[in-house]
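One-based numbering, in listed order, for ligands and for the atoms of each. As the structure is a prediction and not an experimental result, all values here were calculated from the model.
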Amino acid sequence: MRAACWEDKHKVEIYDVPDPAIVNPHDAVIKVTNTTICGSDLHLYDGVVPSMEKGDILGHEPVGEVVAVGPEVKNHRVGERVVVSSIIGCGRCFYCRNEEYSLCDNSNPNSWMQEKLYTYGTAGIFGYSHLFGGYPGAQAEYLRVPYADVNAFAIPDGISDEQAVCIADAFPTGFMGADLCGLKGGETVVVWGAGPVGQLAMKSAWLLGAQRVIAVDNVPHRLDMAHEVNCAETLDFTETGVTDALREMTAGRGPDCCIDACGMEAHGTNILVGAYDALKQAAKLETDRGHVVRQMIESCRKGGTVVIMGVYAMFMDKFPLGAAFNKGLTFRMGQMHGPKYIPRLFDYTLHGDVDPSFCITNRFLLDEIPLAYEVFKNKSDNCVKVLIKVA
Ligand SMILES: NC(=O)c1ccc[n+]([C@@H]2O[C@H](COP(=O)([O-])OP(=O)(O)OC[C@H]3O[C@@H](n4cnc5c(N)ncnc54)[C@H](O)[C@@H]3O)[C@@H](O)[C@H]2O)c1
Ligand SMILES: [Zn+2]
Ligand SMILES: [Zn+2]
């Protein structure tokens, strides 16, 4: 089959590789029809996530048709149209039974690597480095899906492939960001990053009861989408002092909830600290650039909630723990729990509350994936999210 393989930093190539097959009785194999590229893939593309190897197949947002099922698969049959969660749960461990699928104890065969870095291993993720299991990814013609009964979901009639591809990862991540805010109704929610995850976090914040949504980014067409599609007020962090602006916009109190939808490659908002973090990351003295986390801690109201959905890998410098502690902030974060949210997001989509495909702006074929990475990374051609039509 043809697949998009990580070759090196900023180098993705399409190769012929062996087709996947059923390995374990709970596996399914799907023929991928649609997939996409995530901001998390950009962290791999930029070489800031450890343990990528030449030839690794990328991608974790598959929509496809089931072509084979193992003898223990009960919920799926050949020919069914499915979307697959980016993170892989086993469905049986302590964490999966608590619907914390991204903390699964069983789905990451390389959890020993994570134990060295994080003390405990977490779930496997398709196409997302050896640290997360070394699973071949979804930017390919076929994909092996472990624990298919847990991670694959039959797509209801009435949900399009383009909507479903957003439900594999970007929508559940944005939704979990809003969910972790613990909204009771009436809150002001600020979302840093108006990429696909940020856009869907804004949409979800409204769904869950926010009274006001504010988007922070510096890419004009993404801020325009936040404003026009998601009714967010917008702040360009290169033009405004974000913390001061947010204080003013909230009558001096600060926002109730802050969501990070940027992650470890956030751009510096202050030239000196920005340069410091960029240099330390380049020299591998620091792995995670902390501009957004610091700014959220500064900006959030006392007693507010800081949610981190943007991905961080290892260490960050200059974490303002004193401010976080004395302001009594609550922190919530993590890789998203796909199987917990996917059925609920089908419902929102079917009922017309949200059409998550609004964020898809650019379309490519499988062989054009190297170009799609460039366009998505550079946000050129007004790109917010790409769709890769595989078959
Ligand atoms: N937790 C999870 O399970 C999960 C799942 C999917 C994606 N992610 C992560 O979510 C993040 C966003 O993903 P995406 O697909 O939307 O990516 P993206 O790269 O398209 O979006 C990130 C946005 O952040 C903006 N940005 C950069 N620096 C900023 C700053 N200082 N302040 C405000 N905005 C800033 C960029 O301009 C960009 O628009 C990534 O870190 C990705 O790895 C996490
Ligand atoms: Zn992702
Ligand atoms: Zn599990």
Quick one: look up the protein heavy atom nearest atom 22 (C) of ligand 1 and list residue, atom name and how far away it is.
-> Ala261 O, 3.7 Å

Which of Val390, Val67, Val17 passes side-chain contact (heavy atoms from CB on, under 4.5 Å) with Tyr142? Answer is Val67

If we ignore angles and hydrogens, is there a donor and acceptor under 3.5 Å between the side chains of Asp179 and Tyr341?
-> yes

Shortest non-hydrogen separation from Thr173 to Val197 and the atoms involved | CG2-CG1, 3.7 Å

Which is closest to atom 35 (C) of ligand 1 by heavy-atom distance: Cys262, Cys383, Cys359?
-> Cys262

Run the contact test for Pro172 against ligand 1 with a 4.0 Å cut-off on heavy atoms, strictly below, and give the result.
-> no

Trace of the salt bridge (charged side-chain N to carboxylate O under 4.0 Å, His left out) decision for Asp27 with Arg144 | CA-CA 7 Å; Asp27 290 346; Arg144 176 174 79 91; 2.8 Å; yes

The side-chain contact (heavy atoms from CB on, under 4.5 Å) partner of Phe126 among Ile57, Val145, Leu58 is Val145

Contact atoms of ligand 1, heavy-atom distance to Gly193 under 4.0 Å | 23 (C), 24 (O), 25 (C), 33 (C), 34 (N)

Asp157 versus Leu350, closest heavy-atom pair with distance | O-CD2, 3.5 Å

Number of protein N/O/S atoms less than 2.8 Å from the Zn ion (ligand 2)?
-> 3

Residue, atom name and distance, where the atom is the protein heavy atom closest to atom 10 (O) of ligand 1 | Gly310 CA, 3.6 Å

Identify whether Trp192 and Phe331 are in the same connected component of the hydrophobic contact network (ILVMFWY, side-chain heavy atoms under 4.5 Å).
-> yes

May I ask you to list the atoms of ligand 1 that are less than 4.0 angstrom from any heavy atom of Cys38?
-> 6 (C), 7 (C), 15 (O)

Would you mind telling me if ligand 1 is within reach of the side chain of Asp169, the backbone, both or neither, using heavy atoms under 4.0 Å?
-> side chain

Closest non-hydrogen atom pair between His337 and Met176, with its separation = N-SD, 3.5 Å

Determine how many protein N/O/S atoms sit closer than 2.8 Å to the Zn ion (ligand 3), leaving waters out since they are not shown.
-> 4

Can a non-hydrogen atom of Lys379 be found less than 4.0 Å from any atom of ligand 1?
-> yes

Closest to atom 33 (C) of ligand 1 among protein heavy atoms sits Val216 O, 3.3 Å

Using a strict 4.0 Å cut-off to heavy atoms of Met336, name the atoms of ligand 1 that fall inside it.
-> 1 (N), 2 (C), 3 (O)

Once you round to the nearest 0.5 Å, how far does SG of Cys300 lie from CZ of Arg253?
-> 11.5 Å

With backbone taken as N, CA, C and O and side chain as the heavy atoms from C-beta onward, which portion of Met176 lies under 4.0 Å from ligand 1: side chain, backbone, both, or neither?
-> neither

Do you know which two heavy atoms are closest between Ala138 and Val32, and how far apart they sit?
-> O-CG1, 3.8 Å

N or O contact, His267 vs ligand 1, cut-off under 3.5 Å = yes

For atom 17 (O) of ligand 1, what is the nearest protein heavy atom, given as residue, atom name and distance?
-> Gly39 CA, 3.3 Å

Is there at least one pair of N or O atoms, one from Gly334 and one from ligand 1, spaced under 3.5 Å apart?
-> yes

Which residue owns the protein heavy atom closest to atom 42 (C) of ligand 1, what's the atom, and how far is it?
-> Ser40 OG, 3.3 Å

Donor on one side chain, acceptor on other, Thr33 and Glu65, under 3.5 Å = no

Do Ser86 and Cys38 come close enough that some side-chain heavy atom pair is under 4.5 Å?
-> no

Atoms of ligand 1, numbered as shown, that sit under 4.0 Å from any heavy atom of Val219 | 37 (O)

Nearest to atom 44 (C) of ligand 1 by heavy atom, Met309, Gln335, Met264, Met333: which?
-> Met309

Polar side chain donor-acceptor pair, Thr243 to Glu298, under 3.5 angstrom | yes

Out of Asp236, Val384, Asp217, whose heavy atom is nearest to atom 25 (C) of ligand 1?
-> Asp217

In the protein, which heavy atom is nearest to atom 13 (O) of ligand 1, and how far is it?
-> Val197 CG2, 3.6 Å

Judged by heavy atoms only, the candidate from Phe237, Phe376, Phe171, Tyr312 nearest atom 29 (C) of ligand 1 is Phe237

Run the ring-centre check on Phe175 versus Tyr348 and record whether the distance is less than 6.0 Å.
-> yes

Should the proximity of Ile87 to ligand 1, defined as any heavy atom under 4.0 Å, be assigned to the side chain, the backbone, both, or neither?
-> neither

Any atoms of ligand 1 less than 4.0 Å from a non-hydrogen atom of Gly263? List them with their elements.
-> 41 (O)

Find all atoms of ligand 1 within a distance of less than 4.0 Å from any non-hydrogen atom belonging to Val292, and give their numbers and elements.
-> 30 (C), 31 (N), 32 (N)

What is the closest protein heavy atom to atom 20 (O) of ligand 1, and at what distance does it sit?
-> Arg222 NH1, 2.8 Å

Heavy-atom contacts with His43 under 4.0 Å: which atoms of ligand 1 show up? List them by number with element.
-> 40 (C), 41 (O), 42 (C), 43 (O)

How far apart are the C-alpha atoms of Glu61 and Lys385, what are their side-chain angles, what is the distance that settles it, and do they pass the salt bridge (charged side-chain N to carboxylate O under 4.0 Å, His left out) test?
-> CA-CA 12 Å; Glu61 297 164 276; Lys385 191 153 181 79; 3.0 Å; yes

What is the nearest protein non-hydrogen atom to atom 5 (C) of ligand 1, stated with its residue, atom name and distance?
-> Thr173 OG1, 3.0 Å

Check whether any side-chain heavy atom of Gln163 lies under 4.5 Å from a side-chain heavy atom of Ser357, and answer yes or no.
-> yes

Between Lys203 and Phe358, is NZ or CZ placed under 6.0 angstrom from the six-membered ring centre and within 45° of the ring axis?
-> yes

Shortest non-hydrogen contact from Gly59 toward Gln139 | CA-NE2, 3.4 Å

Report, in ascending order of atom number, the atoms of ligand 1 lying under 4.0 Å from any heavy atom of Pro196.
-> 14 (P), 15 (O), 16 (O), 20 (O)

Decide yes or no on salt bridge (charged side-chain N to carboxylate O under 4.0 Å, His left out) for Asp46 and Lys9, but give the supporting numbers first.
-> CA-CA 5 Å; Asp46 292 337; Lys9 185 174 166 181; over 6 Å; no

Side chains of Gln335 and Tyr128: donor-acceptor distance under 3.5 Å anywhere?
-> no

Assess the side chains of Glu162 and Asn34: does a donor N or O sit below 3.5 Å from an acceptor N or O?
-> no

